[in-house]
Peer 1: 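Let me begin by handing over the structure; questions about it come next.
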Amino acid sequence: MRLPLSSDLRQAGLPPGKARVKRAFDVIVALGLLPVILPVSLILISLAKFLNGQGLFSQDRVGQYGETFRLYKICSMREIENFTTNVTTDQDPRITPFGRLIRKTKLDELPQLWNVLKGEMSFVGPRPDVPEVYAGLTADETAFLCLKPGITGVASIAFRDEEGLLASVSDPESYNQTVLFPKKVRLNSDYISQQSLRLDIKIMAQTVLRVLI
């Protein structure tokens with residue numbers, strides 16, 4: 001899938017020098033974390049397989065330039081017949097007890113280190129979503145897709161309790177599409193001009209603190 005990104009928007013991302021520094025930072029940090037994260041991920045995947053029936057979850061997400069890639073997570077949900085929404089609240093009956101724990105601590109995101117090493121994702125950037133979410137957006141509204149998606153980002157910090165917020169409204173799907181997603185688009189678009197290695201480190205530190213506190 002390719003979204004309607006104009007050639008101008010394709011040039012709106014990071015300058016080549018900044019892009020190389022960001023990529024080098026991602027690779028160095030990912031390789032440094034790999035000896036710790038790999039065994040933890042394998043243990044959690046095994047537990048998820050035993051408790052949930054499926055260890056690793058993968059799904060097509062929209063990445064840089066609107067190209068889809070396969071994103072990986074530790075399985076935190078079970079399938080329920082005729083329950084197919086892509087919007088998840090903290091009251092979602094598909095979330096298993098084990099899944100609730102790893103979602104709250106963000107441990108379900110650990111396999112995305114592989115996406116970072118492959119160059120499909122960065123540690124910091126817009127969170128990738130399923131293709132259907134971007135349907136109907138204009139080229140200007142998808143400007144942030146000139147960046148690689150991230151494990152965390154400015155919108156992730158701003159809406160750190162997104163699932164709880166969605167659970168508090170009567171129509172989570174409508175609220176997500178008309179309120180939350182447009183706000184995320186604006187935050188991610190602002191990140192394009194603000195992006196720096198210093199900001200990325202700050203966002204990563206805030207993410208860790210949000211999980212620990």
Side-chain angles (χ1 to χ4, degrees), residues 12-45 56-59 61-65 69-74 76 88 90 99-129 133 143-165 180-181 183-213:
L14 300 179
K18 277 192 173 183
R20 285 192 291 269
V21 169
K22 186 176 178 75
R23 178 60 183 158
F25 175 79
D26 285 339
V27 172
I28 291 169
V29 174
L31 290 175
L33 292 174
L34 190 60
V36 175
I37 288 181
L38 181 58
V40 172
S41 295
L42 292 175
I43 291 170
L44 293 175
I45 289 169
L56 197 62
F57 170 80
S58 66
Q59 188 179 52
R61 297 290 179 95
V62 176
Q64 191 175 31
Y65 305 137
F69 70 100
R70 203 72 176 168
L71 176 139
Y72 297 95
K73 287 187 175 187
I74 297 170
S76 62
T88 307
D90 62 7
R100 196 171 302 281
L101 173 63
I102 60 175
R103 289 173 78 91
K104 183 176 181 180
T105 56
K106 304 301 182 185
L107 291 173
D108 62 321
E109 310 282 1
L110 291 183
Q112 287 160 43
L113 189 68
W114 174 241
N115 293 115
V116 173
L117 285 170
K118 289 176 67 179
E120 297 165 334
M121 293 181 66
S122 174
F123 278 104
V124 179
R127 281 297 295 167
D129 218 320
V133 172
F144 64 88
L145 291 177
C146 64
L147 301 173
K148 287 182 182 179
I151 295 177
T152 187
V154 288
S156 301
I157 297 296
F159 299 107
R160 58 188 178 276
D161 190 29
E162 179 180 335
E163 291 185 356
L165 178 60
L180 280 189
F181 190 68
K183 288 182 177 180
K184 290 179 184 179
V185 168
R186 288 192 292 272
L187 287 169
N188 289 326
S189 297
D190 290 342
Y191 172 75
I192 298 173
S193 58
Q194 299 169 354
Q195 197 281 329
S196 68
L197 186 58
R198 182 190 297 265
L199 177 59
D200 283 1
I201 293 173
K202 180 180 178 181
I203 291 171
M204 291 171 68
Q206 288 177 331
T207 301
V208 173
L209 288 174
R210 296 284 189 258
V211 171
L212 295 177
I213 296 176

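These numbers come from a predicted model, not from an experiment.
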Peer 1: So does Arg127 pair up with Glu109, basic N to acidic O under 4.0 Å?
Peer 2: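 Here Arg127 pairs with Glu109 in a salt bridge, since their nearest N and O are under 4.0 Å apart.
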Peer 1: Please tell me if the side chains of Leu180 and Leu165 come closer than 4.5 Å, counting only heavy atoms from C-beta onward.
Peer 2: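 In short, these two side chains touch, coming nearer than 4.5 Å.
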Peer 1: Has the side chain of Lys18 got a donor or acceptor atom that lies under 3.5 Å from a matching backbone atom of Gln195?
Peer 2: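 Yes, because the side chain of Lys18 sits within donor-acceptor range (under 3.5 Å) of the backbone of Gln195.
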Peer 1: Taking the side chain as everything from C-beta on, heavy atoms only, tell me whether Pro111 gets closer than 4.5 Å to Ile74.
Peer 2: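 With C-beta onward as the side chain, the pair touches.
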Peer 1: Measure across Leu197 and Val21 and return the closest heavy-atom pair with its distance rounded to 0.1 Å.
Peer 2: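 Closest pair (atom of Leu197, atom of Val21, distance): CD2-CG1, 4.1 Å.
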Peer 1: With a 4.5 Å limit on heavy-atom distance, are the side chains of Phe123 and Leu113 in contact?
Peer 2: yes
Peer 1: Short question: side chain of Asn115, backbone of Arg70 - any donor-acceptor pair under 3.5 Å?
Peer 2: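 Yes; at least one donor-acceptor contact below 3.5 Å.
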Peer 1: Could you state the interatomic distance from CZ (Arg100) to CD1 (Ile102), rounded to the nearest 0.5 Å?
Peer 2: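 The CZ atom of Arg100 sits 11.5 Å away from the CD1 atom of Ile102.
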Peer 1: Looking only at non-hydrogen atoms, find the nearest pair between Ala155 and Asn188 and report the distance.
Peer 2: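 Reported closest heavy-atom pair: CB-OD1, 4.0 Å.
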Peer 1: Side chain of Arg61, backbone of Pro128: donor and acceptor closer than 3.5 Å?
Peer 2: yes
Peer 1: Is the closest side-chain heavy-atom distance between Leu44 and Asp108 below 4.5 Å?
Peer 2: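 No, side chains not in contact.
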Peer 1: Show your working on side-chain contact (heavy atoms from CB on, under 4.5 Å) between Leu107 and Val211 and close with a plain yes or no.
Peer 2: CA-CA 10 Å; Leu107 291 173; Val211 171; over 6 Å; no
Peer 1: Which heavy-atom pair separates Ala158 from Leu187 by the least distance, and what is that distance?
Peer 2: CB-CD1, 3.7 Å
Peer 1: Roughly how far, to the nearest 0.5 Å, is the CG atom of Leu33 from the CG atom of Leu38?
Peer 2: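 The distance works out to 11.5 Å.
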Peer 1: Less than 4.5 Å apart, any side-chain heavy atom of Ser156 and any of Thr207?
Peer 2: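 Side chain of Ser156 against side chain of Thr207, heavy atoms only: no contact under 4.5 Å found.
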Peer 1: Can you give me the closest heavy-atom contact between Cys146 and Ile192, atom names plus distance?
Peer 2: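 For Cys146 and Ile192, the tightest heavy-atom pair comes out as SG-CD1, 3.9 Å.
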Peer 1: As an exercise, state the distance from CG of Leu110 to CG of Leu42, rounded to the nearest 0.5 Å.
Peer 2: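 Taking CG in Leu110 and CG in Leu42, the distance rounds to 10.5 Å.
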Peer 1: Indicate the atoms forming the closest heavy-atom contact of Gly164 with Asp90, along with that distance.
Peer 2: CA-OD2, 3.2 Å
Peer 1: Give me the atom names and distance for the closest heavy-atom approach of Val116 to Arg23.
Peer 2: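 Shortest heavy-atom separation between Val116 and Arg23 comes out as O-NH1, 2.6 Å.
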Peer 1: Is Lys104 atom NZ crowded by more than 12 heavy atoms from other residues, nucleotides or ligands, each under 6.0 Å away?
Peer 2: no
Peer 1: Does the side-chain contact (heavy atoms from CB on, under 4.5 Å) test come out yes or no for Phe69 and Lys118, once each step is laid out?
Peer 2: CA-CA 11 Å; Phe69 70 100; Lys118 289 176 67 179; over 6 Å; no
Peer 1: So does Lys202 have more than 12 non-hydrogen atoms from other groups sitting under 6.0 Å from NZ?
Peer 2: no
Peer 1: Can you check whether Asp190 reaches Val154 side chain to side chain, under 4.5 Å on heavy atoms?
Peer 2: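 Not in contact.
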Peer 1: Nearest 0.5 Å, please: how far is NZ in Lys73 from OG in Ser41?
Peer 2: 14.0 Å
Peer 1: I need the Met121 CE to Leu71 CG distance, nearest 0.5 Å.
Peer 2: 5.5 Å
Peer 1: Give, for atom NZ of Lys22 and atom CG of Asp200, the distance between the pair rounded to the nearest 0.5 Å.
Peer 2: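 If we round to the nearest 0.5 Å, Lys22:NZ and Asp200:CG are 3.5 Å apart.
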Peer 1: Are the side chains of Thr152 and Lys106 in touch, meaning some heavy atoms are under 4.5 Å apart?
Peer 2: no
